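Written out below as structure tokens is the structure these notes cover.
Computed from a predicted model, the values in this text were never measured in an experiment. Every chain is numbered from 1, with letters handed out A, B, ... down the list of sequences.
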There are 2 protein chains.
Amino acid sequence: MKRRVTLQEVAFAAGVSTGTISNYLNQTAPVGKDTKLKIQNAINEMGYQRNEIASSLRRNHTKSLGIIVPNVSNAFYATMFQASEVEAQKRGYTISLGNIHYNRERMDEYLRLFSNKRMDGILLAAYSIDVPGDWYSDLYPPLVVIEPPSLTLPFSTVGIDNLAASYEITKYLIQKGHTRIAIIVLSRESLRFAGYQKALEENNIPIRDDMVQELGKLETDLIAQGDREMSKLLEKASFTACFATTDLLAIGAITCAKRNGIKIPEDLSIAGFDNIPLASIVDPPLTTVAQPIEEMGRIGIKLLIKQIKRKTRAKPENIILNTRIIVRASA
Amino acid sequence: MKRRVTLQEVAFAAGVSTGTISNYLNQTAPVGKDTKLKIQNAINEMGYQRNEIASSLRRNHTKSLGIIVPNVSNAFYATMFQASEVEAQKRGYTISLGNIHYNRERMDEYLRLFSNKRMDGILLAAYSIDVPGDWYSDLYPPLVVIEPPSLTLPFSTVGIDNLAASYEITKYLIQKGHTRIAIIVLSRESLRFAGYQKALEENNIPIRDDMVQELGKLETDLIAQGDREMSKLLEKASFTACFATTDLLAIGAITCAKRNGIKIPEDLSIAGFDNIPLASIVDPPLTTVAQPIEEMGRIGIKLLIKQIKRKTRAKPENIILNTRIIVRASA
DNA sequence: CTGAAAGCGCTTACAG
DNA sequence: CTGAAAGCGCTTACAG
């Protein structure tokens with residue numbers, strides 16, 4: 001690769017100063033008619049491409065945003081990522097990806113890296129992991145978190161009411177007549193578990209330990225994980241419905257059940273959470289709670305850019321989006 | 001956000017020169033034992049974070065790569081993107097996304113933008129679109145293309161033998177006894193169409209215009225597009241098998257057929273192309289040709305970094321990966 | 001409207 | 001082993 005031509009070189013060729021070319025290019029000051037012409041000609045002939053790195057150093061912003069997700073090849077995050085990209089691009093930002101594979105250390109690494117690369121802001125979609133403490137300080141670029149573990153963070157957030165949504169879908173299962181309802185969930189500490197618990201308690205259904213399958217951590221291949229967890233559940237308990245707290249887990253669970261000759265929904269109802277595109281395509285189509293995935297990505301970017309615009313750390317905003325139950329054939 | 005501390009400030013605090021701190025940080029020259037200590041203390045206390053932008057300007061590389069894909073939320077590209085990210089991260093590069101929505105202008109924009117942002121290299125996965133002519137010059141960063149439209153480009157490429165793979169799957173359909181085989185394809189000019197054509201001709205089966213559904217362009221929602229195209233096909237022709245040249249199109253086609261009461265594979269066999277994860281999950285599971293998607297992403301990055309390492313434009317390499325037919329229930 | 005010059009925050013010969 | 005100084009390629013007051 002050849003060394004690329006610099007502003008200084010085109011300035012020399014055009015017989016003007018670098019300052020006025022910069023003013024012309026950035027429309028930051030009026031430039032004379034024939035000066036413009038000379039400049040444009042030189043630029044065209046020499047194939048000048050502005051060095052944004054130098055520009056960034058001087059201007060002190062990069063017009064780049066970092067997005068950190070657990071796993072881009074998971075449809076949920078792929079969709080969110082895409083929506084973010086569209087929104088960011090519209091506003092002149094380009095975006096970098098940090099894929100952390102549900103792994104805490106990688107999250108820290110990417111946070112640090114993006115800060116060092118002087119990203120103007122960072123969007124973090126790391127449900128259930130929380131932000132490292134030092135990020136609370138203002139030595140770091142603005143951060144907004146999607147699906148925050150709690151609302152008391154000093155960051156703007158976008159998410160849904162996980163407790164309420166889980167409560168609703170569990171209630172739906174109960175209304176369909178189920179009383180033996182299993183759950184596949186990341187942790188008993190999670191809001192989704194709390195919603196399940198609330199619905200059962202309200203209906204005087206005791207929570208049975210053998211029906212709660214606690215994951216501890218999420219894996220990259222959630223479908224395989226859901227399949228395995230369902231088979232463990234099947235061994236130790238008998239139930240007529242199962243709430244798998246993520247669609248991909250639910251899909252794995254369905255696969256497992258079908259393989260074992262269990263008919264869905266006749267023998268076993270299964271409900272998911274997220275409403276990824278796949279949910280409507282699997283057999284049977286999945287009953288689930290819809291999250292406005294794209295909107296979360298878009299709003300995340302908007303909040304982030306808002307934080308960037310006002311230089312001082314603004315009071316964080318917490319946006320909570322609506323969910324709704326999508327009834328399909330699986331439950 | 002506070003102004004971040006600079007090397008100069010820590011140099012002052014530590015009582016050494018910026019040069020030796022730089023040498024310490026980059027291990028680019030030996031540094032005295034207690035000098036190290038003083039430096040490390042100052043860095044820790046002051047919370048120094050290196051400004052990679054300044055570093056990039058001076059060093060003339062950014063350790064960033066751009067990846068351009070038609071649509072990240074499409075499982076095929078999401079998977080490829082993810083594999084690329086893992087490979088790039090391993091080698092110390094961070095990656096930026098250009099999502100072009102199957103749109104030529106956006107591709108040009110991102111190419112230019114990434115060049116201006118001084119990405120060290122660009123990975124382009126834009127099947128069927130070709131690279132703008134001026135990129136053949138060496139004013140631009142190294143570029144490698146995944147799934148190249150042809151092998152005569154002056155760039156390194158990774159892909160598969162589309163003609164051979166389509167030929168094989170079509171032959172498979174013929175061997176199953178089908179003679180009325182429809183095809184849903186981007187264009188009659190494409191290699192996938194050529195493979196289909198070759199298989200039919202070899203078996204003296206005439207190609208019937210009413211059985212080739214030519215798309216012209218791909219849309220963001222390929223499943224919806226496949227659904228629509230299948231319904232057009234159903235109206236005008238009668239056939240016992242259909243080769244949809246992309247899994248997502250095939251899945252849309254299946255959805256359409258099922259809705260019309262057509263049994264798959266009893267009434268109609270459908271074959272796809274790509275073997276995305278979804279292919280094994282739909283009902284019925286899709287017979288398709290498997291592309292080594294992750295490997296394509298990984299090798300793409302490797303080729304790219306190879307080009308970056310030798311500064312002079314190297315002779316391009318064209319890697320062709322193997323495909324194989326995955327027989328499942330749909331055909 | 002235009003130019004000369006300082007400066008963004010690093011790295012890199014060079015001299016000692 | 002360490003420091004002084006130039007330079008990467010822009011943008012931005014400032015003066016005219």
Side-chain angles (χ1 to χ4, degrees), chain A residues 1-40 42-43 46-64 113 115-120 139 141, chain B residues 1-40 42-43 46-64 115-120 139 141 311:
Chain A
M1 199 174 98
K2 250 193 296 221
R3 200 181 55 73
R4 279 176 274 198
V5 345
T6 69
L7 233 211
Q8 202 162 143
E9 291 165 340
V10 345
F12 183 79
V16 299
S17 75
T18 59
T20 95
I21 301 187
S22 178
N23 279 147
Y24 165 67
L25 254 20
N26 301 311
Q27 306 186 108
T28 168
V31 172
K33 193 128 204 235
D34 47 324
T35 312
K36 273 184 189 168
L37 234 60
K38 283 190 295 183
I39 294 175
Q40 196 52 61
I43 285 178
M46 308 175 76
Y48 173 70
Q49 309 171 246
R50 186 213 310 254
N51 185 330
E52 299 287 354
I53 295 297
S55 175
S56 289
L57 176 58
R58 186 58 229 262
R59 293 186 134 143
N60 202 30
H61 64 233
T62 54
K63 284 289 185 178
S64 298
L113 184 62
S115 178
N116 284 352
K117 289 213 168 182
R118 296 301 189 261
M119 299 285 169
D120 293 339
L139 263 14
Chain B
M1 197 174 97
K2 248 194 296 220
R3 199 181 56 74
R4 280 176 274 200
V5 344
T6 68
L7 235 211
Q8 204 161 145
E9 289 164 342
V10 344
F12 183 80
V16 299
S17 75
T18 58
T20 95
I21 300 188
S22 177
N23 279 148
Y24 166 67
L25 254 21
N26 301 311
Q27 305 187 108
T28 167
V31 173
K33 195 127 203 242
D34 47 323
T35 312
K36 274 184 190 168
L37 236 62
K38 284 189 296 183
I39 293 175
Q40 196 54 62
I43 285 178
M46 307 176 75
Y48 173 69
Q49 308 171 248
R50 185 215 308 257
N51 185 331
E52 299 288 354
I53 295 297
S55 175
S56 288
L57 176 59
R58 185 58 231 262
R59 294 186 132 141
N60 203 31
H61 64 234
T62 54
K63 285 289 185 179
S64 298
S115 178
N116 284 352
K117 289 213 167 182
R118 296 302 188 260
M119 298 286 168
D120 293 339
L139 262 16
K311 341 290 300 185

Q: Output all residues satisfying salt bridge (charged side-chain N to carboxylate O under 4.0 Å, His left out) with B/R118, sequence neighbours left out; order by chain, then residue number.
A: none

Q: For B/Y24, report the nucleic acid contact type (base, sugar-phosphate, nothing); a contact means any heavy atom under 4.0 Å.
A: nothing

Q: Under 4.0 Å from any atom of DNA chain D, heavy atoms only: list the residues of residues 13-22 of chain A that qualify, in numerical order.
A: A/T18, A/G19, A/S22

Q: Sort and list the pairs that fulfil salt bridge (Lys or Arg N to Asp or Glu O under 4.0 Å) and have at least one residue in residues 46-63 of chain A, not counting sequence neighbours.
A: A/R50-A/E52

Q) What are the bounds, 5' to 3', of the part of DNA chain C that sits under 4.0 Å from heavy atoms of chain B? A) C/dG9 to C/dT12

Q: Select from B/P30 and A/N51 the residue whose nearest nucleotide in DNA chain D is closer to the 5' end of that strand.
A: B/P30

Q | Bracket notation of DNA chain D in which parentheses pair within the strand, [ ] cross earlier pairs, and | pairs with another strand (Watson-Crick or G-U, under 3.5 Å) | A | |||.||||||||.|||

Donor-acceptor pairs under 3.5 Å, side chain of residues 3-10 of chain B to any protein atom, not counting sequence neighbours: which ones?
unit_1, atom_1, unit_2, atom_2, d
B/R3, NH2, B/E9, OE2, 2.6
B/R4, NH1, A/S115, O, 3.4
B/R4, NH1, A/S115, OG, 2.9
B/T6, OG1, B/Q8, N, 3.4
B/T6, OG1, B/E9, N, 3.2
B/E9, OE1, B/T6, N, 2.9

Q: Mind checking side-chain hydrogen bond (donor to acceptor under 3.5 Å, both in side chains) for A/D120 and listing every partner two or more places apart, or none if nothing turns up?
A: A/T62

Q | Rounded distance (nearest 0.5 Å) linking atom CD1 of B/I39 with atom OG1 of B/T20 | A | 4.0 Å

Q: Might you point out which heavy atoms bring A/A13 and A/M46 nearest each other, and give the distance in Å?
A: CB-SD, 3.7 Å

Q. Can you name the side-chain hydrogen bond (donor to acceptor under 3.5 Å, both in side chains) partners of B/Y24, sequence neighbours left out?
A. B/Q40

Show the atom names and distances, to 0.1 Å, of all donor-acceptor pairs under 3.5 Å that link a side chain in residues 30-37 of chain B to residues at least two apart or in another chain.
none

Q.
Can you list everything that forms a side chain to side chain contact (heavy atoms under 4.5 Å, CB included) with A/T28? Sequence neighbours excluded, please.
A. A/N23, A/N26

Q.
My understanding is that only residues two or more places apart in sequence, or in another chain, count here; which of them pass side-chain hydrogen bond (donor to acceptor under 3.5 Å, both in side chains) with A/S64?
A. B/K117

(Q) Base, sugar-phosphate or nothing for B/N60? Non-hydrogen atoms, less than 4.0 Å. (A) nothing

Q: Tell me what B/T35 touches on the nucleic acid: a base, only sugar-phosphate, or nothing, going by heavy atoms under 4.0 Å.
A: sugar-phosphate

Q: Measure the CG-OH distance between A/N116 and B/Y48 for me, rounded to the nearest 0.5 Å.
A: 8.0 Å

Q.
Pick the closest DNA chain D nucleotide for B/K36 and for A/T28 by heavy atoms, then say which residue is nearer the 5' end.
A. B/K36

